[in-house]
Amino acid sequence: MAVSQKIRALLVDDEPLARSNLKVLLLKDTDIEAVQECGSGAEAVAQIRATRPDLVFLDVQMPECGGFDVLNILQADESLPVIVFVTAHDEYALRAFDAGALDYLLKPFDDSRFHLAMRRAKEKIAAKESSPLQETPRLTVRSAGKVVYVQIPDIDWVEAADYYVCLHVGAKSHLLRKSMAELEQELDPHIFCRVHRSTIVNLRKVNALQVDASGEYEVILASGEKLRLSRRFRKDLQSRMRQFGTPV
């Protein structure tokens, strides 16, 4: 399967020599239109969101923000580029594939292994081009010894649970090792809204607000779940609920 348009690639590695070696290989490929570079994970997040490259070669270990941190931050984005991890450490391979990477290049690699990764990347990019549907943003959660993918739009509400957050999805719940502040940065602010210091709600799952016997506001979900609404967040919630035509 051939790509119909030229590929825009991004190299993310804190070692300039490693980026240079990859860039030489990429520029020999006639399907490559442009090659950009980043020297840190934080820079990569900003660059990916700003330029939307088709293909990213991502180093695993970088100071402060490594490759897995980059993917965690970008999980809530509508569409991710094709990711190929590049590292000198083989122990991260399983985790890389769990995180959604297409391939895992182990340094030092030869030209034939690089070309294999490129062939796989081109097939993946071509498949994405031919599909009118965008990938649904999701969170990767470990549950009972296996990896579970939680589609973000399916989340009803989220609550803080010590060093974790608890994702409530229908009748199920999943623990994710992440702080509320970190998760809130990943969720679409047009859809998810904080209603309490320890609670975030999916506005599409809200049926109404009501006042309980003590005069406090509650958020009523379509499932019948009642969540406490803090006064601090009430005005913001009411304003945003009007966008969905929900009684306030």
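Linking ILVMFWY side-chain heavy atoms closer than 4.5 Å, directly or via other members, places Leu175 and Tyr163 in a single hydrophobic cluster. No chain of hydrophobic side-chain contacts below 4.5 Å, direct or via other Ile, Leu, Val, Met, Phe, Trp or Tyr residues, connects Phe109 to Val24. Cluster annotation: Val12 is connected to Leu106 through the hydrophobic network of ILVMFWY side chains, with a link wherever side-chain heavy atoms come within less than 4.5 Å. A single hydrophobic cluster is seen to contain both Met118 and Leu27, as judged by linkage of ILVMFWY side chains at heavy-atom distances under 4.5 Å, directly or through other members. Linking Ile, Leu, Val, Met, Phe, Trp and Tyr residues whenever their side-chain heavy atoms come within less than 4.5 Å leaves Tyr164 and Val201 in two separate clusters.
The two residues Pro81 and Pro53 have their closest heavy-atom pair at CB-O, 3.1 Å. The heavy-atom pair separating Glu43 from Glu37 by the smallest distance is OE2-O, 4.0 Å. Listed here is the closest heavy atom pair of Phe68 and Val60: CE1-CG1, 3.6 Å. Closest non-hydrogen pair, Leu74 versus Arg49, comes out as CD2-NE, 3.5 Å. Nearest heavy-atom pair, Asp69 versus Glu64, reported as atom, atom and distance to 0.1 Å: OD2-O, 4.0 Å. Minimum interatomic distance between Arg197 and Arg194 (heavy atoms only, all atoms of both residues): O-NH1, 2.5 Å.
No side-chain heavy atom of Leu203 sits under 4.5 Å from any side-chain heavy atom of Phe192. Cys193 is not listed as a side-chain neighbour of Ile200, based on a closest heavy-atom distance of 4.5 Å or more. At a threshold of 4.5 Å between non-hydrogen side-chain atoms, the residues Cys65 and Val70 count as touching. Side-chain atoms of Phe97 and Tyr104, non-hydrogen and from C-beta on, do get closer than 4.5 Å to each other. By the 4.5 Å heavy-atom criterion applied to side chains, Phe85 and Val56 are not counted as neighbours. Side-chain contact check for Asp156 versus Leu167: every heavy-atom pair is 4.5 Å or farther apart. At a threshold of 4.5 Å between non-hydrogen side-chain atoms, the residues Leu55 and Ile83 do not count as touching. With contacts defined as side-chain heavy-atom distances shorter than 4.5 Å, the pair Asp14/Ser40 does not qualify.
Using a 4.0 Å cut-off between a side-chain N of Lys or Arg and a carboxylate O of Asp or Glu, Asp29 and Lys122 qualify as a salt bridge. Remark: Arg113 engages Asp103 in a salt bridge, criterion side-chain N to carboxylate O under 4.0 Å. Salt bridge status for Lys107 with Asp13: present, with a side-chain N to carboxylate O gap under 4.0 Å.
In this structure, Arg234 contributes its side chain and Leu237 its backbone to no donor-acceptor pair below 3.5 Å. Between the Glu182 side chain and the Ser179 main chain, a donor and an acceptor come within less than 3.5 Å of each other. Within the 3.5 Å criterion, the main-chain N or O of Gln47 finds a donor-acceptor partner in the side chain of Thr51. At least one donor-acceptor pair closer than 3.5 Å links the side chain of His196 to the backbone N or O of Ser198.
Between Leu10 atom CG and Arg52 atom CZ the span is 12.5 Å, to the nearest 0.5 Å. To the nearest 0.5 Å, atom CG of residue Asp154 and atom CZ of residue Arg204 are 11.0 Å apart. The distance from the CG atom of Leu105 to the OG1 atom of Thr87 is 10.5 Å, given to the nearest 0.5 Å. From Ile32, atom CD1 reaches atom CZ of Arg8 across 11.0 Å, with rounding to the nearest 0.5 Å. Remark: Arg95 CZ to Thr140 OG1 distance equals 10.5 Å, nearest 0.5 Å. In this structure, the separation between CG on Leu26 and CZ on Arg19 is 13.0 Å, given to the nearest 0.5 Å.
Remark: Asn202 engages no residue in a side chain to side chain donor-acceptor pair (under 3.5 Å) (not counting sequence neighbours). Residues passing the ring pair (Phe, Tyr, Trp, His ring centres under 6.0 Å) test with His174: none are found, sequence neighbours excluded.
Counting non-hydrogen atoms of neighbouring residues, nucleotides and ligands closer than 6.0 angstrom, the NZ atom of Lys172 reaches no more than 12 such neighbours.
Classification of the His168-Trp157 ring pair by plane angle, with boundaries at 30° and 60°, yields parallel.
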Run the side-chain contact (heavy atoms from CB on, under 4.5 Å) check on Gln238 and Tyr217 step by step: do they pass?
-> CA-CA 11 Å; Gln238 289 175 322; Tyr217 274 84; 4.2 Å; yes
Stepwise side-chain contact (heavy atoms from CB on, under 4.5 Å) check, Leu183 with Val158 = CA-CA 9 Å; Leu183 180 62; Val158 182; 3.6 Å; yes
Run the side-chain donor-acceptor check on residues 218-229: report pairs under 3.5 Å with partners two or more places apart or on a different chain.
unit_1: Glu218; atom_1: OE1; unit_2: Gln210; atom_2: NE2; d: 3.0
unit_1: Ser223; atom_1: OG; unit_2: Glu225; atom_2: N; d: 3.4

